[in-house]
Amino acid sequence: MSKAKGKKPQRSGSNVFANFDQQQIQEFKEEFTIIDQDSDGFISEKDLKDMWASLGIIQVDKFCAEMVKVSPGQINFTSFLTFMGETLADTDPEDVLHNAFACVDVQNTGYIT
């Protein structure tokens, strides 16, 4: 998410795109593209397994299948964005999280020691 914005997604009607600013939508689109390994416009179990493998993590099929089951249908960008909005709806704004981290990063190293 953007460091400049601390905007939380708001539930307003059925247009999920109205819940995010353009920069946030672009960031989610980039994330979706990284996960959609075969570039077919949908996230599948194989896409998830391949994405994890690209990070050096071997996931079992069951794990990826459970991730895909979260969606009632195929996961296209709109359903991905809806899922992200629902997931982020109950989180603190980004600036609050940064400030909380800064409180425990007393040496300002970017790490908690």
Side-chain angles (χ1 to χ4, degrees):
M1 303 294 308
S2 168
K3 289 184 181 180
K5 301 277 183 185
K7 182 178 176 183
K8 278 177 72 172
Q10 302 295 317
R11 293 180 190 241
S12 61
S14 62
N15 184 3
V16 68
F17 292 91
N19 298 335
F20 300 100
D21 64 39
Q22 281 303 115
Q23 184 176 352
Q24 290 172 313
I25 292 171
Q26 182 59 38
E27 289 173 0
F28 283 125
K29 184 65 173 172
E30 291 170 12
E31 294 162 11
F32 180 86
T33 302
I34 290 169
I35 299 169
D36 181 18
Q37 294 279 302
D38 61 9
S39 301
D40 67 351
F42 298 96
I43 295 175
S44 66
E45 292 175 35
K46 183 174 182 338
D47 289 326
L48 290 171
K49 191 168 185 174
D50 291 346
M51 187 253 334
W52 283 109
S54 75
L55 298 171
I57 300 169
I58 305 303
Q59 287 293 355
V60 295
D61 292 337
K62 182 179 178 182
F63 179 83
C64 296
E66 290 297 320
M67 290 181 76
V68 171
K69 283 183 185 176
V70 172
S71 179
Q74 287 188 304
I75 305 171
N76 61 16
F77 180 64
T78 302
S79 60
F80 176 77
L81 196 60
T82 300
F83 172 77
M84 294 306 292
E86 291 170 354
T87 302
L88 296 173
D90 295 326
T91 62
D92 290 322
E94 193 169 340
D95 60 332
V96 172
L97 297 174
H98 281 280
N99 290 338
F101 184 83
C103 289
V104 294
D105 182 18
V106 292
Q107 296 175 346
N108 198 26
T109 61
Y111 298 96
I112 299 173
T113 56

Can you give me the closest heavy-atom contact between [X] and [Y], atom names plus distance?
X: Gln37; Y: Met51; value: CG-N, 3.7 Å
X: Cys64; Y: Glu45; value: CB-O, 3.8 Å
X: Phe17; Y: Ile25; value: O-CD1, 3.5 Å
X: Thr87; Y: Thr91; value: O-CG2, 3.8 Å

How many angstroms lie between [atom1] in [X] and [atom2] in [Y], if you round to the nearest 0.5 Å?
X: Phe83; Y: Glu86; atom1: CZ; atom2: CD; value: 8.0 Å
X: Lys69; Y: Lys62; atom1: NZ; atom2: NZ; value: 8.5 Å
X: Asp50; Y: Leu55; atom1: CG; atom2: CG; value: 11.0 Å
X: Lys46; Y: Asp38; atom1: NZ; atom2: CG; value: 7.0 Å

Practice prompt. Inspect the surroundings of CD in Glu30 and state if more than 12 heavy atoms from other residues, nucleotides or ligands are less than 6.0 Å away.
Written response: yes
Practice prompt. Would you sort out whether Phe80 and Asp36 count as a side chain to side chain contact (heavy atoms under 4.5 Å, CB included), showing the intermediate values?
Written response: CA-CA 11 Å; Phe80 176 77; Asp36 181 18; over 6 Å; no
Item to complete: Kindly assign one of parallel, tilted or perpendicular to the pair Phe77 and Phe32, based on the angle between their ring planes and the thresholds 30° and 60°.
Response: perpendicular
Discussion item. Under a 3.5 Å cutoff, is there a donor and acceptor pairing between the side chains of Asn76 and Ser79?
Written reply: yes
Hydrophobic clustering (ILVMFWY, side-chain heavy atoms < 4.5 Å, transitive) - are [Y] and [X] grouped together?
X: Ile57; Y: Ile35; result: yes
X: Val68; Y: Val60; result: yes
X: Leu88; Y: Ile43; result: yes
X: Phe42; Y: Leu81; result: no
X: Val70; Y: Met67; result: yes

Item to complete: Output, in order, the C-alpha distance, side-chain angles, deciding distance and verdict of side-chain hydrogen bond (donor to acceptor under 3.5 Å, both in side chains) for Asp47 and Ser44.
Response: CA-CA 5 Å; Asp47 289 326; Ser44 66; 3.2 Å; yes
Worksheet entry | Residue list, side chain to side chain donor-acceptor pair (under 3.5 Å) with Thr82, at least two apart or on another chain | none
